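What follows is a set of notes on a single structure, which appears directly below.
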Amino acid sequence: MKIPVRLLITAGVTSLCLSAVPQSPVAAAELIQLSQEAQKAAADGRFNSLQKIESILKEVSLLRQLPILAPVNLTVITREALKAELAEKIKTEISPEKIQSDAALYQQLGMLPQDFDYPGFMLALYTEQIGGFYDPKTQALKLIEGMQMTGAEQEILIAHELTHALQDQHYHLDDLLNAPERKASDDATLALMALVEGDATVSAMNYLQESQRKKPLQGFFANVGLLLNQFKLLSSFKTFQSAPPFIQEQLIFPYQQGSQFVNYFQSEGLSWSEMHTLYDHAPASTKHILHPRTYAQGDAPISIDWDLSTWFSGAQVISESVWGELGYRQYFQRHLDWKQAKAAASGWSGDRYAVLSGDEGPFFVFASRWENVAEASEFAAAYHQTLIARTGKQPELVAPGLWRSESEDFGQVFLWQQTEQVLVCERLPHAFKDRFSDPALLHF
């Protein structure tokens, strides 16, 4: 979505964007290949898990019904080297302008404190939590030197990452991530990541259950202990605990909600061998993940076409993407109760948002389409409530379906609804105030 979705993490593990490998089986003896760093760590007694990792890979391959098509390279990396690598990756994949514009957007909407160091915080967050990850450039499983995990925790995390390696070999995830429709939509990218992470999470849990199958009593206590240890591990991440709620929610979403998405289709009879059908037609929005039936019914999101250069001549577009049902739900949750937030964001059909720069600084535009007039009206009414909560003022009704609010802290805000369309402009420069004098010009 709006955080760097290709660097999403779970407790102790990150999954970076993946790349494809040749489609030919490999011999059992070639399943894992140690890098020079891993060989040195093994010789020094700092790494002695090769046989166990090979065993996990074979078991995950069997359970997930994804044959091993290429060796998995394995290396170890220090946390300091990891921090440098992630900093470079963030710098390469996300422009400083986008990070700054996103931070300004969250601050405008009351989702981040005004003095919050967003890029610095995200780097610290990723570095703190990672215990191991699958690296696309080297096609290697990288384990963090000296990571503190119990045996069961370490196994489930490695099973998770090895599932990513197998997914990559069969589904060519890098091609999916870089498809035009996902490059144009953070929401669609987050939906795909939810499928990928949900798949790997369910697969890893299946691995754990199978490994305890022959000792049910011990296995029961092992699973309970694992859950308790995972909770303690998450609680020990001070940076995560200090993260604003929407960042915590967005980091957890692909794993938690993605698992539910996969479980839904498995409960409908989809086998592991048929899981490729979800990748052949990957979910296109967080609405699909939140409501799997909409995916099953082929409810495709509406694409919003707009001409910002005509609407706001002379302004520079810094970034634009799709907010999605999850994004709107998270915004509403900051200012309304959970039930109101969920209801206001449901009925989403499509949207587009943009951060622009004008003479008075950055301003923000949200265009959205809803399933029907009633859903659009519910969304507009909820947004109206958030403006009151944020500004302490009642917006002024300046024309049918058009409200205006202005304050020193939030600038000039317009909220416009007509039929199933809603347009919101926040901190709009006064030079563009006349754009709302003729609502007919605002259709998208």
Side-chain angles (χ1 to χ4, degrees), residues 1-4 90-91 93-123 184 186-187 244 246-247 250 304 306-324 327-328 330-332 334-335 351-368 380 383-384 386-396 398 402-416 422-439 441-442 444:
M1 226 151 133
K2 296 163 287 300
I3 63 172
I90 291 174
K91 188 186 303 182
E93 295 188 5
I94 311 163
S95 70
E97 292 77 15
K98 177 167 176 55
I99 293 179
Q100 291 168 4
S101 67
D102 282 351
L105 173 61
Y106 305 144
Q107 290 164 346
Q108 170 72 13
L109 297 178
M111 299 169 78
L112 284 183
Q114 291 298 318
D115 58 351
F116 190 78
D117 178 11
Y118 179 63
F121 182 88
M122 295 309 295
L123 178 59
D186 290 343
D187 189 60
F246 89 98
I247 292 180
Q250 212 164 58
I304 301 295
W306 58 6
D307 186 355
L308 290 175
S309 62
T310 298
W311 282 8
F312 307 111
S313 178
Q316 177 187 0
V317 178
I318 301 173
S319 66
E320 59 176 311
S321 193
V322 175
W323 193 259
Y328 281 118
Q330 290 181 313
Y331 164 70
F332 285 127
R334 306 287 76 81
H335 307 290
D351 80 82
R352 194 98 188 136
Y353 80 91
V355 181
L356 300 95
S357 179
D359 292 341
E360 298 175 28
F363 63 101
F364 316 96
V365 183
F366 301 84
S368 58
Y383 207 99
H384 185 277
T386 68
L387 289 177
I388 297 174
R390 289 162 54 199
T391 67
K393 295 182 178 181
Q394 178 74 35
E396 173 191 7
V398 296
L402 178 62
W403 291 265
R404 177 181 176 274
S405 175
E406 185 167 11
S407 66
E408 183 177 347
D409 290 337
F410 297 94
Q412 183 175 221
V413 179
F414 281 93
L415 168 62
W416 172 81
V422 180
L423 181 68
V424 178
C425 293
E426 295 234 5
R427 205 170 282 281
L428 186 71
H430 288 81
F432 297 125
K433 182 179 179 180
D434 62 352
R435 296 297 181 273
F436 289 88
S437 60
D438 183 4
L441 299 176
L442 301 177
F444 45 86

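Computed from a predicted model, the values in this text were never measured in an experiment.
Distance check, rounded to the nearest 0.5 Å: OG1 of Thr386 to CG of Leu415 gives 8.5 Å. Annotation: the span from Trp416 atom CH2 to Leu402 atom CG amounts to 9.0 Å, rounded to 0.5 Å. Taken to the nearest 0.5 Å, the CD atom of Gln108 stands 9.5 Å off from the CG atom of Asp409. Between Ser321 atom OG and Lys98 atom NZ the span is 6.0 Å, to the nearest 0.5 Å. Put simply, NE2 on His335 and CD1 on Ile388 are 13.0 Å apart, with the number rounded to the nearest 0.5 Å. Separation of atoms CG (Leu105) and OH (Tyr353) is listed at 6.5 Å; rounding is to 0.5 Å.
Using a 4.5 Å cut-off on side-chain heavy atoms (C-beta onward), Leu387 and Trp403 make no contact. The shortest side-chain heavy-atom distance between Lys393 and Phe410 does not fall under the 4.5 Å cut-off. Using a 4.5 Å cut-off on side-chain heavy atoms (C-beta onward), Lys433 and Phe414 make contact. Looking only at side-chain heavy atoms (C-beta outward), Phe246 and Leu112 come within less than 4.5 Å of each other. Two residues are said to be in side-chain contact when any heavy atoms from C-beta on lie closer than 4.5 Å; Cys425 and Phe363 fail this criterion. Met111 has its side chain out of reach of Pro244: every pair of non-hydrogen atoms, C-beta onward, lies at least 4.5 Å apart. Residues Val365 and Phe312 form a side-chain contact, since some pair of their non-hydrogen atoms from C-beta on lies under 4.5 Å apart. In this structure, the side chains of Ser319 and Asp102 come closer than 4.5 Å at one or more pairs of heavy atoms.
Side chain to side chain, Thr391 and Ser407 fail the donor-acceptor criterion of an N or O pair below 3.5 Å.
With Gln114 contributing its side chain and Gln107 its backbone, the two residues share a donor-acceptor pair below 3.5 Å. Side chain of Asp351 to main chain of Val322: no donor-acceptor pair is present (N/O by atom type, distance under 3.5 Å, no hydrogens or angles).
Glu406 pairs by the side chain to side chain contact (heavy atoms under 4.5 Å, CB included) definition with Arg404, Gln412, His430, not counting sequence neighbours.
In this pair, Tyr328 and Trp323 present their aromatic rings tilted. The plane angle is within the 30 to 60° band.
The distance between the ring centers of Tyr383 and Phe366 does not fall below 6.0 angstrom. Between Tyr106 and Phe116, a ring centre-to-centre spacing not shorter than 6.0 Å is recorded.
Counted within 6.0 Å of CG on Asp359, heavy atoms from surrounding residues, nucleotides or ligands total 12 or fewer; the atom is thus considered open.
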Using the side chain to side chain contact (heavy atoms under 4.5 Å, CB included) rule, take Glu426 and Leu109 through it: C-alpha gap first, then chi angles, then the decisive distance, then the call. CA-CA 9 Å; Glu426 295 234 5; Leu109 297 178; 3.7 Å; yes

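Residues Ala367 and Trp306 come closest through the heavy atom pair CB-CZ3, 3.7 Å. Leu308 approaches Ala354 most closely through the heavy-atom pair CD1-CB, 3.7 Å.
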